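A short worksheet on the structure shown next.
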There are 2 protein chains.
Amino acid sequence: MVLRLRGEGHGWKGRFRGCGYRWTLSRKAIIDVLSSTKDHMSAEEIYNSVQKNYPSIGLATVYRTLELLVEMRVVMRLDFGDKRARYELAETFSSKDHHHHLVCNRCGKIIEYTEFIEDEVELLEKTEKGLSMKYHFKIDNHMIQFYGLCKACQ
Amino acid sequence: MVLRLRGEGHGWKGRFRGCGYRWTLSRKAIIDVLSSTKDHMSAEEIYNSVQKNYPSIGLATVYRTLELLVEMRVVMRLDFGDKRARYELAETFSSKDHHHHLVCNRCGKIIEYTEFIEDEVELLEKTEKGLSMKYHFKIDNHMIQFYGLCKACQ
DNA sequence: ATTATTGCAAATCGTTTGCAACTAC
DNA sequence: GTAGTTGCAAACGATTTGCAATAAT
């Protein structure tokens, strides 16, 4: 019987090493922050949160790490029309809690919805397959956003 | 028999006046550029294009106009993960030529697809209705993007 | 020991803004 | 004439980068 090694809870270390990267405190701290919330955090928010436990980690490192994580497909970079980029663990984004977004064009309010998703997902999978074949794209995520006016802004 | 006034080809003037804005040369020039292409142009690209015919129009005006047009729902602001915002006439975006996007995570290549759309649209309309009711959102557009690796980048 | 990673401060770059001149109405 | 609009240059803010110090392997 062989033990399944899980490393830092998700095999993070192995995943980094496998890509030729090192497993560092900064990276762990940032992934921890992202793991601890479902919010769409900006780089600066992540930085502030990381600072509470590791005051020595700099903002540049947060940016560099996020870039790396996006490249590794560990996090998803989102855009809601406010200027800053927002980040969310891909795992959170794509799991059974998969959700899409409703964005208010005036105040920027964002509503995450998970209802009506099953049908969407089913259809999207079909579409995904069709697109993959036709365009030879290897698709690994998708995003749906509805734009309009929220109750308050109408 | 009453004539239908069309103004500048789309009743632009009336549309602006109706919102309390003025119909100016800059605005016409920018809308003309957007009307002449299906591309997703950045503010600077629009500026460069406008410059060819109207060298006196400044970049700041382009930004201010685009902001106004987004607010008026005349244009749709898009984001493909390269830093700059990109713009497309809402009309182009939402008409029968309605399309969605495939975005390559590595090289940023964008493929517009129009196939597989009918089913999507049908479903989205249903979803839209459901979301509107539940969240009291007035939805007037949507966006679907698939992310992955294009043929060349795999 | 070797090489990736980091913090810091400076630089970059898309976008916004203050203001006086200008233009649509 | 009265606002809304514009060009210009300066300001802004998010993100990136050079570099010497530091940490992971």
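Bear in mind the structure is a predicted one, so any value in this text is a computation, not a measurement. So that the names make sense, note that chain A is the first sequence line, chain B the second, and so on, each numbered from 1.
In terms of position along DNA chain C, the nucleotide closest to A:Thr24 lies nearer the 5' end than the nucleotide closest to the other residue of the pair B:Thr24 and A:Thr24. Residue A:Thr65 is the one, among A:Thr65 and B:Tyr87, whose nearest nucleotide of DNA chain C lies closer to the 5' end (criterion: closest heavy atom). Mapping B:Thr61 and A:Ala43 onto DNA chain D by nearest heavy atom places B:Thr61 closer to the 5' end of the strand.
Proximity of the aromatic rings of B:Tyr147 and A:His142 is defined here by a centroid distance below 6.0 angstrom, and this criterion is not met. Aromatic rings from B:Phe80 and B:His101 are positioned such that their centres are separated by under 6.0 Å.
Here the side chain of B:Tyr21 is nearest to one of D:dT5, C:dC25, C:dC8, namely D:dT5. Closest to the B:Ala60 side chain, of the nucleotides D:dA9, C:dT6, C:dC8, is D:dA9. Of the candidates C:dG14, D:dT5, C:dT5, the closest approach to any side-chain atom of B:Tyr63 belongs to C:dG14. You'll find that the side chain of A:Leu59 is closest to D:dT15, out of D:dT15, C:dT17, C:dT6.
A heavy-atom distance below 4.5 Å is not found between the side chains of A:Lys129 and A:Ser132.
Shown are B:Lys38, B:Arg77, B:His99; of these, the side-chain hydrogen bond (donor to acceptor under 3.5 Å, both in side chains) with B:Glu88 is made only by B:His99.
Residue contacts shown for A:Ser26 are limited to sugar-phosphate atoms, with no base heavy atom under 4.0 Å away. B:Ser56 comes within contact range of the sugar-phosphate backbone alone, with a heavy-atom separation under 4.0 Å but no base atom that close. Within 4.0 Å of A:Arg84, counting heavy atoms only, lie sugar-phosphate atoms of the nucleic acid but no base atom.
Rounded to a whole Å, the CZ atom of B:Arg22 is 12 Å from the P atom of C:dT23. When rounded to the nearest whole Å, the span between NZ of B:Lys28 and C1' of C:dT23 equals 18 Å. Atom-to-atom, CD of B:Glu67 to C1' of C:dT17 comes out at 11 Å; the value is rounded to the nearest Å. Residue B:Met72 contributes atom CE, which lies 10 Å from atom P of D:dT5 at whole-angstrom precision. Atom CH2 of A:Trp23 is separated from atom C1' of C:dT6 by 16 Å (rounded to the nearest Å). Remark: P of D:dA14 and CG of A:Leu66 are 15 Å apart, rounded to the nearest angstrom. A straight line from CG of A:Leu25 to P of D:dT22 spans 16 Å, rounded to a whole angstrom. Across the protein-nucleic acid pair, B:Tyr54 atom OH and D:dG7 atom P stand 13 Å apart, rounded to whole Å.
Contact between the side-chain N/O atoms of A:Lys83 and the OP1/OP2 oxygens of C:dT16 is found at a separation under 4.0 Å. Phosphate contact (OP1/OP2 of D:dT6, side-chain N/O of B:Arg27, threshold under 4.0 Å): present. At the phosphate of C:dC25, OP1 or OP2 sits under 4.0 Å from a side-chain N or O atom of B:Lys13.
Side chain to side chain, B:His100 and B:Glu120 meet the donor-acceptor criterion of an N or O pair below 3.5 Å.
For B:Arg64 and D:dT5, a side-chain-to-base donor-acceptor distance below 3.5 Å is absent, hydrogens and geometry of angles not being considered.
How far CG of B:Asp119 is from CG of B:Leu124: 10.5 Å, rounded to the nearest 0.5 Å.
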